[in-house]
Amino acid sequence: MTRIGTDIKFIDGVTHFGGPLDTLREVAALGLEGVNVRTLDEIAPTLDRAFLTDFAQLAAELELYVQMGVGKVNPYMTAELPRVRALGDGSYLAGMARLLTTCAEFGWTETWTAVGGFKPYPGIFFTDRFRTDAAWEDQLAAIERFLHRLAPVLRDTGVRLNLETHEEITTFELLRLIESVGDDVLGVCLDPANLAVRAEVPLEGIARIAPYVHTTQLRDAALWRTDVGLSRFIAPCGEGVIDWPAALGLVLEHHPALNLTIEPIGRVRAEMALHTSDPTWQAGHPDLTDAALGELFALAEAYEARAARGEAETLAQLRALRPDAELVSFLLASADHLRAVLAELPVAVAVGIPN
């Protein structure tokens with residue numbers, strides 16, 4: 001059955017809700033049905049089995065699904081994740097193998113990963129896609145080789161790595177990685193709000209990867225036309241440009257019992273710019289078509305019209321700081337919208353009955 005839960009990120013061992021066990025209790029109290037822990041080592045830096053057993057048992061008592069994340073898979077940025085290398089006594093590959101083996105022990109077999117991370121730099125440099133020490137093509141080649149090296153561990157443990165539709169990679173590139181390494185060990189974690197950052201029309205991108213979506217990080221996208229091209233902001237599900245009945249229909253058709261995990265955001269709406277007039281940016285998107293870019297501008301224009309009518313947030317509101325409590329409001333608003341959409345979908349899809 002399709003269930004709705006939340007992504008949870010730990011910083012220094014705590015989330016907005018407290019420590020790991022308190023976080024599970026608070027998530028259940030909010031009426032949600034599961035969690036995705038962004039990375040296993042956040043809650044168990046030494047992979048302590050006693051603690052993880054307590055965590056798994058409490059989740060089971062609360063009837064919460066658990067999905068786990070592991071380290072990222074781009075060798076050009078894994079130095080940013082020293083804990084994973086430490087778990088492997090100096091070998092990042094061995095550290096990843098330990099994380100995956102631990103996930104398998106607890107039945108957490110659909111795991112999250114990504115191929116890059118947000119960088120607090122100006123212009124196009126906020127993603128690893130445009131780093132200057134290694135061309136994106138070289139990074140993709142290194143990612144592919146690393147994933148092939150991980151594949152035997154994934155097959156031995158029965159764990160699948162689900163690559164997020166993150167802000168640095170396109171669905172076209174994700175599909176090429178899956179085709180090369182194998183869909184038995186690689187899948188997709190769908191974050192539809194990120195698709196527009198890489199100049200993909202959300203529904204078109206979702207349709208491309210729908211058969212391979214095994215996990216989700218759901219939120220909406222608000223688009224606004226700017227001097228550099230477009231800006232993408234994150235919005236609660238139902239408040240942006242994504243057609244949620246169509247989007248959920250596409251993925252649930254292939255995996256009717258897919259867990260719908262929301263990735264809430266708090267104080268900011270995470271503006272990310274599409275520098276559509278920058279030649280470097282344009283050259284960095286070989287799969288981009290004029291039609292797709294035109295559709296994104298049309299979606300932005302439609303969103304701006306809604307804002308002018310008071311039906312959506314204005315540019316100033318999107319850029320404003322918010323109170324910490326906004327994270328819970330975002331989460332609950334998204335959950336309410338997803339439940340409403342599920343209620344209107346065909347019964348076989350909405351309740352997770354295989355076709």
Side-chain angles (χ1 to χ4, degrees), residues 1-72 81 83-84 87 99-100 102-114 117-118 159 162 164 189-191 193 214-219 234 236-237 258-270 322-339:
M1 183 179 220
T2 300
R3 294 173 291 177
I4 296 174
T6 181
D7 181 63
I8 49 177
K9 300 182 183 72
F10 288 84
I11 299 175
D12 297 327
V14 298
T15 70
H16 177 86
F17 303 110
L21 301 184
D22 285 339
T23 294
L24 291 179
R25 297 184 184 99
E26 289 297 319
V27 166
L30 289 172
L32 298 169
E33 300 164 290
V35 296
N36 177 79
V37 177
R38 182 53 62 93
T39 55
L40 173 58
D41 59 286
E42 289 178 359
I43 63 168
T46 64
L47 306 184
D48 181 88
R49 298 307 198 271
F51 166 75
L52 289 175
T53 297
D54 290 343
F55 185 88
Q57 288 179 345
L58 178 59
E61 292 170 10
L62 296 171
E63 299 184 338
L64 297 175
Y65 69 78
V66 174
Q67 293 174 326
M68 281 288 170
V70 293
K72 296 183 181 179
L81 303 165
R83 283 203 306 253
V84 178
L87 286 170
L99 288 168
L100 294 167
T102 303
C103 285
E105 289 178 20
F106 289 91
W108 303 324
T109 55
E110 295 290 355
T111 60
W112 171 92
T113 189
F118 172 78
V159 174
N162 292 289
E164 184 181 342
C189 174
L190 173 63
D191 182 339
H214 298 280
T215 62
T216 57
Q217 302 276 20
L218 302 180
R219 57 257 187 96
I234 291 170
C237 298
L258 180 71
N259 291 324
L260 303 181
T261 301
I262 300 159
E263 184 182 356
I265 193 167
R267 290 180 58 77
V268 297
R269 285 291 187 255
R322 298 150 194 271
D324 289 336
E326 178 74 10
L327 184 141
V328 174
S329 299
F330 184 111
L331 177 58
L332 295 180
S334 294
D336 287 346
H337 186 74
L338 293 175
R339 291 188 185 107

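Any value given below was found using the heavy atoms of this structure, including those in side chains, with hydrogens, waters and symmetry copies removed. Residue numbers run from 1 in the order of the sequence given.
When all heavy atoms of F55 and L21 are compared, the pair lying nearest together is CA-CD2, 3.8 Å. Across all non-hydrogen atoms, the minimal contact from G71 to T113 is O-OG1, 2.7 Å. Looking at every heavy atom in both residues, C103 comes nearest to L40 through SG-CD2, 4.0 Å. Pairing each heavy atom of A335 with each of I262, the nearest pair is N-CD1, 3.5 Å. For V70 against T39, the heavy-atom pair with the smallest separation is O-CG2, 3.6 Å.
Counting only heavy atoms from C-beta outward, the side chains of M68 and I43 approach each other to under 4.5 Å. Considering only heavy atoms from C-beta on, I4 comes within 4.5 Å of L32 through its side chain. Here the side chains of N36 and Y65 are not in contact, with every heavy-atom distance at 4.5 Å or above.
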Check step by step if side-chain contact (heavy atoms from CB on, under 4.5 Å) holds for Q217 and W112. CA-CA 10 Å; Q217 302 276 20; W112 171 92; 3.6 Å; yes
Stepwise side-chain contact (heavy atoms from CB on, under 4.5 Å) check, W108 with V37:
CA-CA 11 Å; W108 303 324; V37 177; over 6 Å; no
- Message: Test side-chain contact (heavy atoms from CB on, under 4.5 Å) on L62 and V27; report intermediate values, then the result.
- Response: CA-CA 9 Å; L62 296 171; V27 166; over 6 Å; no
- T216 vs Q67, side-chain contact (heavy atoms from CB on, under 4.5 Å): CA-CA, chis, key distance, verdict: CA-CA 10 Å; T216 57; Q67 293 174 326; over 6 Å; no
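Distance alone, capped at 3.5 Å, places no donor-acceptor pair between the T215 side chain and the N259 backbone. Checked by atom type and distance alone, the side chain of E326 never pairs as donor or acceptor with a backbone atom of R267 at under 3.5 Å. Side-chain atoms of R49 come within 3.5 Å of backbone atoms of L47 as a donor-acceptor pair (strictly under, hydrogens ignored). Remark: side-chain polar atoms of T261 are not paired, donor with acceptor, to backbone N or O of T6 under 3.5 angstrom. E42 places a side-chain N or O within 3.5 Å of a backbone atom of F10 that can act as its donor or acceptor partner. Checking side-chain atoms of S334 against main-chain N and O of P236 turns up no donor-acceptor pair under 3.5 Å. Remark: side-chain polar atoms of D191 are not paired, donor with acceptor, to backbone N or O of L218 under 3.5 angstrom.
Screening residues 9-30 for salt bridge (Lys or Arg N to Asp or Glu O under 4.0 Å) gives D7-K9, K9-E263, D22-R25 as the qualifying pairs, with residues at least two apart or on separate chains.
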